[in-house]
Q: 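Quick one: the structure is below, questions incoming.
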Amino acid sequence: MKIGVLALQGDFAEHIVMLRRLGVVTAEVRLPSHLDDLDGLIMPGGESTTIGKLAVAYNLMDPLRNFGRSKAIWGTCAGAIFLSRDARREQPLLGIMDITVIRNAFGAQVDSFEADLDIEILKKRTGTSLPYHAVFIRAPIIESVSGNAHAISTLPDGRIVAAMENKLLATSFHPELTGDTRFHELFISICK
Ligand code: GLN
């Protein structure tokens with residue numbers, strides 16, 4: 001099992017630490033050829049406009065889209081925006097996941113927050129009823145899911161903060177910034 005982390009900008013190093021803790025071989029992805037032998041790819045949080053512009057500059061857009069046709073991709077925060085079909089703004093998007101997002105939906109950096117979420121898919125997988133502590137940093141909201149995409153987590157007011165579509169996973173929050181490895185374990189199971 002080898003999982004790459006898109007390492008153009010953002011908190012890719014934290015994802016690599018989590019994956020290594022779980023015994024996964026990792027690779028930093030900056031060029032199309034770095035995708036060749038991977039079972040899955042994580043796209044980290046950061047700034048989606050910057051990640052998109054760098055992906056265009058490094059000719060990664062089509063190789064990433066092709067990768068996502070058969071392999072697992074997980075986008076956290078900016079990475080989720082980059083996966084989406086529409087972010088209500090002109091910026092390079094992969095557009096391969098049937099979700100639309102609203103960027104910075106909770107306000108500015110100072111409005112960042114943490115929340116305990118009930119996530120059924122994690123409970124089922126682990127057989128525990130522990131809530132999932134999620135970190136939101138200038139986070140997007142997943143405004144809509146369509147086609148094969150479906151919500152896997154919502155805030156108490158119903159707004160969607162995590163979604164899945166076949167082997168694609170999107171989370172508004174940052175599982176790489178907590179000690180809880182359950183989301184990374186879920187992604188590893190999708191890569192298999
Ligand atoms: N606000 C950033 C964006 O719109 C995402 C923030 C993050 O990844 N924590 O790209």
Side-chain angles (χ1 to χ4, degrees), residues 1-7 10-12 14-19 21-22 24 26-27 29 35 38-46 48 51-52 55 64-87 93-103 105 115 117-126 131-137 139-155 159-178 180-192:
M1 166 75 56
K2 185 170 176 185
I3 298 181
V5 184
L6 188 64
D11 72 336
F12 53 87
E14 284 78 359
H15 276 293
I16 287 174
V17 169
M18 288 295 258
L19 291 170
R21 270 177 62 188
L22 295 167
V24 173
T26 61
V29 173
L35 293 166
L38 301 180
D39 301 296
L41 177 75
I42 297 179
M43 305 198 298
S48 58
I51 292 173
L64 288 171
R65 290 182 180 121
N66 289 338
F67 187 89
R69 285 204 184 99
S70 57
K71 305 268 178 66
I73 303 185
W74 173 19
T76 58
C77 205
I81 296 167
F82 193 41
L83 268 178
S84 74
R85 197 156 44 72
D86 187 76
L93 298 176
L94 294 181
I96 57 175
M97 188 168 181
D98 247 338
I99 57 172
T100 66
V101 300
I102 303 175
R103 292 180 60 190
L117 304 176
D118 257 340
I119 304 182
E120 205 53 46
I121 191 169
L122 291 186
K123 287 186 177 172
K124 261 197 212 140
R125 268 187 48 80
T126 55
Y132 186 81
H133 192 71
V135 178
F136 294 84
I137 304 171
I141 275 292
I142 299 172
E143 182 189 22
S144 70
V145 293
S146 51
N148 287 328
H150 60 277
I152 59 167
S153 175
T154 54
L155 292 171
R159 287 185 289 177
I160 302 168
V161 288
M164 255 175 106
E165 176 180 350
N166 305 319
K167 289 180 153 220
L168 304 177
L169 176 63
T171 56
S172 301
F173 46 87
H174 288 272
E176 72 285 10
L177 298 182
T178 68
D180 191 335
T181 55
R182 283 180 289 169
F183 250 101
H184 287 78
E185 288 168 54
L186 170 66
F187 183 64
I188 290 166
S189 76
I190 298 170
C191 292
K192 280 181 180 155

Q: Nearest heavy-atom pair of L93 and A87: which atoms, and what distance?
A: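 That closest heavy-atom pairing would be CD1-N, 3.7 Å.
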Q: What distance do I121 atom CD1 and L186 atom CG have between them, rounded to the nearest 0.5 Å?
A: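 Output value for this atom pair is 5.0 Å.
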Q: Keeping to residues at least two apart or across chains, list the salt bridge (charged side-chain N to carboxylate O under 4.0 Å, His left out) pairs with something in residues 143-153.
A: R88-E143
Q: Specify the closest pair of heavy atoms between L41 and L6, including all atoms of both residues, with the distance to one decimal.
A: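 Closest heavy-atom pair between L41 and L6: CD1-N, 3.8 Å.
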Q: State, with a plain yes or no, whether a side-chain heavy atom of D98 is found less than 4.5 Å away from one of L168.
A: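 Result no, sub-4.5 Å side-chain heavy-atom pair not found.
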Q: Checking S84 side chain against T100 main chain: does a donor-acceptor pair fall under 3.5 Å?
A: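 No: the side chain of S84 does not pair with the backbone of T100.
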Q: Closer than 3.5 angstrom, by distance alone: can the side chain of S48 be matched with the main-chain N or O of F82 as a donor-acceptor pair?
A: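 Pair absent, no side-chain N/O of S48 close to backbone of F82.
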Q: OG1/T126 to CZ/R182 distance, rounded to the nearest 0.5 angstrom?
A: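 T126 atom OG1 to R182 atom CZ measures 5.5 Å (nearest 0.5 Å).
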Q: Could you go step by step and tell me if L38 and K71 meet the side chain to side chain contact (heavy atoms under 4.5 Å, CB included) rule?
A: CA-CA 8 Å; L38 301 180; K71 305 268 178 66; 5.9 Å; no
Q: Between P44 and I51, which heavy-atom pair has the shortest distance, and what is it?
A: O-CD1, 3.9 Å
Q: Where do G75 and L83 come nearest, in terms of heavy atoms and distance?
A: N-CD1, 3.8 Å
Q: Tell me, do M164 and I190 make a side-chain contact under 4.5 Å, heavy atoms counted?
A: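 Result yes, sub-4.5 Å side-chain heavy-atom pair found.
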Q: Do H15 and T76 come close enough that some side-chain heavy atom pair is under 4.5 Å?
A: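 The answer is yes, as the side chains (C-beta and beyond) meet within the 4.5 Å cut-off.
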Q: Is there a side-chain contact between V29 and V5 in this structure, where contact means two heavy atoms from C-beta onward sitting under 4.5 Å apart?
A: no
Q: With side chains defined as the heavy atoms from C-beta onward, is the minimum distance between H184 and V24 less than 4.5 Å?
A: no
Q: Could you tell me if the side chain of L22 sits less than 4.5 Å from the side chain of E185, heavy atoms only?
A: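 A side-chain contact under 4.5 Å exists here.
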Q: List the atom of G68, the atom of I73, and the distance in Å for their closest heavy-atom pair.
A: CA-CD1, 3.6 Å
Q: Look up atom CD1 in I81 and atom CE in M43, then write down how far apart they are to the nearest 0.5 Å.
A: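 Interatomic distance, I81 CD1 to M43 CE, rounded to 0.5 Å: 10.5 Å.
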Q: Could you grab the distance from atom CG of L177 to atom CD of E14, nearest 0.5 Å is fine?
A: 6.0 Å
Q: Spell out, as yes or no, whether a donor-acceptor pair under 3.5 Å connects the side chain of N148 to the backbone of E165.
A: no
Q: Atom CZ of F67 and atom CD1 of I96: how far apart are they, to the nearest 0.5 Å?
A: 9.5 Å
Q: Give me the atom names and distance for the closest heavy-atom approach of I188 to M1.
A: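 Nearest pair, atom of I188 first, then M1: O-CE, 3.9 Å.
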Q: May I ask you to decide if the ring planes of F173 and Y132 are parallel, tilted or perpendicular, using 30° and 60° as cut-offs?
A: tilted
Q: Does one side chain, of R85 or S146, offer a donor that lies under 3.5 Å from an acceptor on the other?
A: yes
Q: Do the non-hydrogen side-chain atoms of S172 and I142 ever get within less than 4.5 Å of each other?
A: yes
Q: Do I160 and I99 come close enough that some side-chain heavy atom pair is under 4.5 Å?
A: no
Q: For the pair D39 (side chain) and K2 (backbone), establish whether a donor and an acceptor sit closer than 3.5 Å, ignoring hydrogens and angles.
A: yes
Q: Just how far is it from atom CE of M18 to atom CD1 of I3, taken to the nearest 0.5 Å?
A: 12.5 Å
Q: Using the six-membered ring wherever Trp is involved, compare the ring planes of F187 and W74 and label them parallel, tilted or perpendicular (cut-offs 30° and 60°).
A: tilted
